[in-house]
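Beneath this line is the structure, given in structure tokens, with notes to follow.
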Amino acid sequence: MPNLQNTAYDSPVDVLTEDQARDALAALAQDLSDANKAYHTDDAPKIDDATYDHLKRKNAEIEARFPHLKRADSPSDQVGARAADGFSKVAHEIKMLSLGNAFDDADVFDFDERIRKYLNITTADETLAYTAEPKIDGVSLALTYKNGALITAATRGDGEIGENVTANALTIQDIPQHIENAPELLEVRGEVYMSHADFAALNARQEATGGKTFANPRNAAAGSLRQLDSTITSERPLRFFAYAWGVLSSPLADTQFASIERLAALGFAINPLTKICKSPEALIAHYTDIAAARADLGYDIDGVVYKVDALAYQRRLGFRSTTPRWAIAHKFPAELAWTRLNAIDIQVGRTGALSPVARLQPVTVGGVVVSNATLHNEDYIAGIGGDGQPIRDGQDIRCGDMVQVYRAGDVIPKIAAVDISKRTQSKPYVFPDHCPECASPAIREDGDAVRRCTGGLICPAQAVERLKHFVSRAAFDIEGLGAKQVAYFFDDDTLPVKEPADIFTLKDRDETGFTKLENRDGFGKTSVKKLFQAIDEKRTIPLNRLLFSLGIRHLGESSAALIARHYGGWATLERALTTATIGDGDIWDYLLSIDGVGAVMATSLVMAFQNPAERASIDRLIAQLDVQDMPQVALSQSPVAGKTVVFTGTLEKMTRAEAKARAESHGAKVSGSVSAKTDILVAGPGAGSKATKAETLGVTVLDEDAWIALIGEA
DNA sequence: GTGCCTCGAGTTCC
DNA sequence: CTCGAGGCAC
């Protein structure tokens, strides 16, 4: 809590005596540090943003007047404090995607083969070339230039929305503020990084001044780029390599390599190890060269990126949901570390899944201290992979074992191997067959890898996880009511929140609460008022979010949206699912006719609405809400939007997969066989029975050129 | 039945 | 980020 008895907090700075100022700075350092800690570690801010900013400004004012009183632990030097609140958001016009991964040579050959198959290019044909360049281990940044002037710099964020760090980017030497002879609009993408030498010097400096040291150059680069005060960023030796582009008013060139060279000509640093390779063998050779040079580069890299060189091919290959088809990252083998497995704990998830977690003797792997690792499931501990094949040479994992840890994808800690020569436990780990939280039997269904608690709604662990899911970002996303808070209310005897509906009755119940919320530790009048306001705001909720929030098994964010769009409103959806029969009838058939919905999902959905206890809980929730209908989907402009299309015969201008992907991007549905539902048949040479059938049914038949003209593509 | 591709669920550390 | 499972095309 702010140290309000300290009068300096409210006194004008210019009347402070030196002693008062010294006290005030000490109190501010303490309060701001507490606030940061609460904000970051407890997920429960003790003071609101306005107060926080006020205190921080006050601190800066006092320091400005009494520079010699500035403390070693001054809050103005603190790294990462509430930075996320400080930057405005920037939407990426073209999404910043991640890349698929290759871990060995075979994956690289597969990549090449996939591309050749998609484009219908044989190995003998040398028109297919790739670029290969080191994958810098830093922070991605998108720089937008208008008429040659740097307008915005945005971090990747979630790929769609990033943070505006323009002021900080302007302080980076490698990033030109003005460029000549550039397209009117140019978005340059690349990586911000810190060299090993600069990283070591920075940490030494931080240590000397009592500042925070960084675990590795990437964290240092990320932390420096996200400083709210750009004068701090300007003192950090950040560098930048350009490797891609986003929106452009005119093309840079017609190959990847030439485009990057063009960026170099415009004044951007590009990586000197970028090379053209004409075969997977050449890619792997360059990878080996880069791996050999890795230690001497002077900056961190975590692999080599391969991209199809011809932009025309890149365009044809297009994108999968989260990655481009025309690029892949060939990763270096992960760093490994040995440590002791102290215990195996079992966590219970929202769906009742029992997940084993390894508690490890903390160990540094890849610059980060790891103390937990996922063990996935029963079979994984026993040494059996998902395909039934042995993993870790079939070795099982026991408590007390020395295990080798790595971070999969440089993030998730996993166990690579076990040293059985150091084993002390003579018996294999026995996976519990009862829920550790509610003691209900935990069973494993046929063909299922996970064991699940059968307690359902009565299992407290499941109930809490369901609530956490309910308030999560893609569901109700109530500000100030995160996982920590829901768990707090779940265990609170005077104001219990046991199911979603209880969240919306909190305010009324608080009126009669024994110790009113605003009088409790960690809450205040303002924060409670804000919380109730945030809850009220979410009483109006779109159908897709509501459906997702219910936490029905097999129904994730995108499937919930799919179902919501098909039914449009709560009343329609509720009526249908309440009266549906599993495996039979019109409603069942309709559910299965939705592209992307199968029997498993449909069963799960119907059961949730027809299980009396679960249904009662849903009804109590709905009584508190105003569920919004889904907006009518804006149909694509294309003349083929909503039409069902079938391709037959030989396609000469594109492959099957490509034709399908492109038709779908215009809103058409592609089917394999001609039926009464078919709108258009695209027939290439050699079309057989399908063409005949189409004519009988009166379906429009087009040749490939006519189809391309129709969808308006050259 | 096999082989993509996408989604869902669970996980770690900052 | 990864694995497993669901859904669908071949």
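Below, each value reflects all heavy atoms present in this structure, side chains not excepted, and no hydrogens, waters or symmetry copies. We name chains A, B, ... by the order of the sequence lines, and we start the count at 1 in each one.
Looking at heavy-atom distances under 4.0 Å, A:F103 makes contact with sugar-phosphate atoms alone, never a base. Contact annotation for A:A599: backbone-only contact, meaning every heavy-atom pair under 4.0 Å involves sugar-phosphate atoms and none involves a base. Among the heavy atoms of the strands lying under 4.0 Å from A:R553 are primed sugar atoms or P, OP1, OP2 only; no base atom is included.
Here the side chain of A:R114 is nearest to one of B:dA9, B:dC5, C:dG6, namely B:dC5.
Residue-environment remark: CZ (A:R451) exceeds the threshold of 12 foreign heavy atoms within 6.0 Å. Residue-environment remark: CG (A:D589) exceeds the threshold of 12 foreign heavy atoms within 6.0 Å.
A salt bridge does not link A:E113 to A:R116: none of the charged side-chain nitrogens sits closer than 4.0 Å to a carboxylate oxygen.
When each of A:V370 and A:H554 is assigned the nucleotide of DNA chain B bearing its nearest heavy atom, the one mapping closer to the 5' terminus is A:H554.
Between the side chain of A:Q404 and the backbone N or O of A:A416 there is no donor-acceptor pair closer than 3.5 Å.
For A:K331, there are no salt bridge (charged side-chain N to carboxylate O under 4.0 Å, His left out) partners at least two apart in sequence or on another chain.
With a 6.0 Å cutoff to the six-membered ring centre and a 45° limit on the axis angle, A:R444 does not count as a cation-pi contact of A:F431.
For the contact set between residues 353-362 of chain A and DNA chain B, defined by any heavy atom under 4.0 Å, the members are A:A353, A:S355, A:V357.
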